[in-house]
Amino acid sequence: MTFEEKTLDSQRIYEGAILNLRKDKVTVKGDATSYREIVEHNGGVTLAAITPEGKMVMVRQFRYAAGKVVLETPAGKIEKGEDPLVTAGRELKEETGYTAGKITHLSSFYSSIGYSTEVIHLYFAEDLTPGETDFDDNEAIDIVEIDVAELKRMALAGEIEDGKTLTAILTAAARMGI
């Protein structure tokens, strides 16, 4: 039987530009208490952006937390109060130069439900028009276009390491009948 924990006390430990960290004292099964450390995040978006040739627009960049270069779908954080659809269009343009004639919401999911409030909104972008990128000053991104069937193979072979990218690839492949 599940037990819904209740917050007894909450303490902000860190407040940052991208995320906050709090420590909550909660009730647990059997009249006991425990602590939960929660990362607070405004959420983000990621896009399965598909070219007319059936290729997915991907970005390759160094990720400090992973300590290596990673292949990912275009993505970004939602600014406070921003509509995720607006974020999706903005991030697609900034990171890839593309604008989409049609952006469809596919799903929303927690990035790491055990300790983070971050929800990622997955969009399918099509009718793409190329243009100029507008990278943030601290971004160094390579843009690559890869066939969706090849990306699905890479995902299933364990060659894609980013969770949001795995979700985007496999969801887009299923949507496209691949």
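How far CD of Q61 is from NZ of K68: 14.0 Å, rounded to the nearest 0.5 Å. Taking CD1 of I50 as the start and NZ of K55 as the end, the distance is 12.0 Å to the nearest 0.5 Å. In this structure, OG1 in T96 is found 9.5 Å from CD1 in I141, a value given to the nearest 0.5 Å. Between the CG atom of N20 and the CD atom of E40 there is a distance of 5.0 Å, given to the nearest 0.5 Å. Rounding to the nearest 0.5 angstrom, the gap separating the CG atom in D147 from the OG1 atom in T51 is 8.5 Å. Taking OH from Y115 and CD from E118, the interatomic distance works out to 9.0 Å, rounded to the nearest 0.5 Å.
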* To do: Using the side-chain contact (heavy atoms from CB on, under 4.5 Å) rule, take T104 and Y123 through it: C-alpha gap first, then chi angles, then the decisive distance, then the call.
  => CA-CA 5 Å; T104 306; Y123 291 92; over 6 Å; no
* Tell me, with the steps shown, if L122 and F109 meet side-chain contact (heavy atoms from CB on, under 4.5 Å). => CA-CA 8 Å; L122 169 59; F109 54 91; 4.1 Å; yes
* Between V26 and K6, does a side-chain contact (heavy atoms from CB on, under 4.5 Å) hold up when you go through it step by step? -> CA-CA 5 Å; V26 299; K6 302 289 183 196; over 6 Å; no
* To do: Determine, step by step, whether E37 and R22 satisfy the side-chain contact (heavy atoms from CB on, under 4.5 Å) criterion, reporting the C-alpha distance in whole Å, the side-chain angles of both residues, the deciding distance to 0.1 Å, and the verdict.
  => CA-CA 6 Å; E37 294 173 345; R22 71 174 198 262; over 6 Å; no
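Here the closest non-hydrogen pair linking E95 and T133 is O-CG2, 3.9 Å. Of all heavy-atom pairs spanning A48 and A168, the tightest one is CB-O, 4.1 Å. Closest approach of R60 and L71 over heavy atoms only: NH2-CD1, 4.0 Å. Shortest non-hydrogen contact noted between A173 and K152 is CB-CD, 4.0 Å. Taking both residues in full, the closest heavy atoms of I103 and A125 are given as CG1-CB, 4.3 Å, listed atom of the first, atom of the second, then distance. Across all non-hydrogen atoms, the minimal contact from G76 to T87 is O-CG2, 4.2 Å.
Note: the hydrophobic cluster containing L85 also contains L47 (ILVMFWY, side chain heavy atoms under 4.5 Å, direct or indirect links). Follow the hydrophobic side-chain contacts under 4.5 Å out from V119 and you reach I113 in the same cluster. I178 and M154 fall within the same hydrophobic cluster, where Ile, Leu, Val, Met, Phe, Trp and Tyr residues are linked whenever their side-chain heavy atoms come under 4.5 Å apart, directly or through other members. In terms of hydrophobic clustering, with Ile, Leu, Val, Met, Phe, Trp and Tyr side chains grouped at heavy-atom distances under 4.5 Å, L106 and M58 are assigned to a common cluster. Both L151 and L166 belong to a single network of hydrophobic side chains, linked directly or stepwise wherever heavy atoms of I, L, V, M, F, W or Y lie under 4.5 Å apart.
Within the 4.5 Å cutoff, no side-chain heavy atoms of M56 are placed close to those of E145. Contact of the V45 side chain with the I78 side chain is registered, since non-hydrogen atoms from C-beta on lie closer than 4.5 Å. Contact check for I160 versus I169: side-chain heavy atoms found under the 4.5 Å cut-off. Two residues are said to be in side-chain contact when any heavy atoms from C-beta on lie closer than 4.5 Å; L128 and V57 meet this criterion. D24 is listed as a side-chain neighbour of T7, based on a closest heavy-atom distance under 4.5 Å. With a 4.5 Å cut-off on side-chain heavy atoms, E5 and R36 count as touching. Put simply, the side chain of M176 reaches to within 4.5 Å of the side chain of F124, judged on heavy atoms. Using a 4.5 Å heavy-atom cutoff, the side chains of P74 and Y98 are not in contact.
Between Y64 and F62, the angle of the ring planes goes over 60°, which puts this pair in the perpendicular group of the 30/60° scheme. H121 and H105 have tilted rings, their planes meeting at an angle from 30° to 60° on a 0 to 90° scale.
The residues E79 and K77 are annotated as salt-bridged, a charged nitrogen and a carboxylate oxygen being separated by less than 4.0 angstrom. The pair E72-R63 meets the salt-bridge criterion, with a side-chain N (NZ, NE, NH1 or NH2) lying under 4.0 Å from an Asp/Glu carboxylate O. Between E132 and K93, no side-chain nitrogen of the basic residue sits less than 4.0 Å from a carboxylate oxygen of the acidic one, so the salt-bridge criterion is not met.
The closest side-chain donor-acceptor pair between H41 and T117, if any, does not fall under 3.5 angstrom.
Within a 6.0 Å radius of CD1 in I18, no more than 12 heavy atoms belonging to other residues, nucleotides or ligands are found.
Under a 3.5 Å cut-off, the side chain of S116 and the backbone N or O of S112 do not form any donor-acceptor pair.
Because its NZ or CZ atom is not both nearer than 6.0 Å to the ring centre of F3 and within 45° of the ring axis, K29 does not count as a cation-pi partner of that residue.
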